[in-house]
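Below: one structure, written as structure tokens.
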Amino acid sequence: GLLSREDFQRIPELAINPLGDRIINAFFPEGEDQVNFRGFMRTLAHFRPIEDNEKSKDQNGPEPLNSRSNKLHFAFRLYDLDKDDKISRDELLQVLRMMVGVNISDEQLGSIADRTIQEADQDGDSAISFAEFVKVLEKVDVEQKMSIRFLH
């Protein structure tokens with residue numbers, strides 16, 4: 001009735017994904033090494049596509065886990081390792097290293113991280129806040145890119 005981190009690590013697509021460990025960590029509450037069915041489904045719900053009829057639903061109800069905002073929060077947390085609500089240069093560098101491996105030099109990665117922060121950072125704190133993250137991704141179809149069709 002419970003899934004462990006090892007269960008997730010046996011999934012080939014997660015095992016080869018550069019962000020696999022971070023995605024796996026998203027399924028587990030702080031300090032926990034197992035997740036029950038409810039917790040598993042709650043995390044997966046972020047990836048449910050937004051149907052056209054859902055966009056016009058009651059605006060006063062709770063925001064669904066698969067809303068644009070919640071999808072962006074999920075993605076932001078993959079970068080914000082220390083959970084300080086900011087993506088630092090070091091956190092960005094870690095993700096870049098994971099994604100490109102040894103194909104790009106540390107100097108080039110540092111330059112990419114510096115340029116990314118320079119372009120996104122609006123308040124001059126040399127980090128990317130959630131609001132700045134949202135602004136950078138405002139033209140990206142996050143709803144489509146962060147959707148998985150489970151049954152169809």
*With no hydrogens and no angle check, is any side-chain donor or acceptor of S111 less than 3.5 Å from a backbone partner on E107?*
no
*For residues F130 and S69, report the shortest heavy-atom separation together with the two atoms involved.*
CZ-O, 4.1 Å
*Judged by atom type as modelled, is there a donor-acceptor pair below 3.5 Å linking the side chain of K71 to the main-chain atoms of V142?*
no
_Can you tell me how far apart CD (E30) and CD (E32) are? Round to the nearest 0.5 Å._
9.5 Å
*Out of curiosity, S88 OG to Y79 OH, how far, rounded to the nearest 0.5 Å?*
13.0 Å
*Quick one: closest heavy-atom pair of L72 and F133, and the distance?*
O-CE2, 3.6 Å
*N66 side, atom CG; L44 side, atom CG - distance, nearest 0.5 Å*: 12.0 Å
*Under the side chain to side chain contact (heavy atoms under 4.5 Å, CB included) criterion, do F74 and T43 qualify, and how do the steps go?*
CA-CA 9 Å; F74 185 93; T43 301; 3.8 Å; yes
*With side chain to side chain contact (heavy atoms under 4.5 Å, CB included) as the test, would you mind laying out the steps for D82 and E91 before giving the verdict?*
CA-CA 8 Å; D82 62 7; E91 289 169 324; 2.9 Å; yes
*Return yes when atom CE of M98 has more than 12 non-hydrogen atoms of other residues, nucleotides or ligands closer than 6.0 Å, and no otherwise.*
yes
_On a heavy-atom basis, which atom in A45 and which in L65 lie closest, and how many Å separate them?_
CB-CD1, 3.9 Å
*For D90, which residues count as a side chain to side chain donor-acceptor pair (under 3.5 Å) partner, sequence neighbours excluded?*
none
_To the nearest 0.5 Å, what is the distance between CG on L93 and CG on D106?_
7.5 Å
*Kindly compute the distance separating CD1 (I104) from CG (L96), expressed to the nearest 0.5 Å.*
8.0 Å
*Following the transitive rule for hydrophobic clusters with a side-chain heavy-atom cut-off under 4.5 Å over Ile, Leu, Val, Met, Phe, Trp and Tyr, establish whether L14 and I16 coincide in one cluster.*
no
*For the student: nearest non-hydrogen atoms of R89 and G110, plus distance*: NH2-CA, 3.3 Å
_Below 30° counts as parallel, above 60° as perpendicular, anything between as tilted: where do the rings of F8 and F40 land?_
tilted
*Taking all non-hydrogen atoms of both residues, which atom of D121 and which atom of S126 are closest, and how far apart?*
OD2-N, 2.8 Å
*Partners meeting side chain to side chain donor-acceptor pair (under 3.5 Å) with E6 (sequence neighbours left out)*: S4
*Could you name each residue pair satisfying salt bridge (Lys or Arg N to Asp or Glu O under 4.0 Å) that touches residues 126-137, not counting sequence neighbours?*
K135-E138
Output a table of donor-acceptor pairs, distance under 3.5 Å, between side-chain atoms of residues 21-29 and any protein atom two or more places apart or on a different chain; print 'none' if there are none.
residue : atom : partner : partner atom : Å
R22     : NH1  : L78     : O            : 2.6
R22     : NH2  : Q94     : OE1          : 3.4
N25     : OD1  : R5      : NH1          : 2.5
N25     : ND2  : D21     : O            : 3.2

_Residue list, side chain to side chain donor-acceptor pair (under 3.5 Å) with E63, at least two apart or on another chain_ = S67
*Supply the atom-to-atom distance L92 CG to D80 CG, rounded to the nearest 0.5 angstrom.*
11.5 Å
_So which atom in R68 and which in V140 form the shortest heavy-atom distance, rounded to 0.1 Å?_
NH1-O, 3.1 Å
*With sequence neighbours left out, write down each residue that passes side chain to side chain donor-acceptor pair (under 3.5 Å) with R42, or none if nothing qualifies.*
none
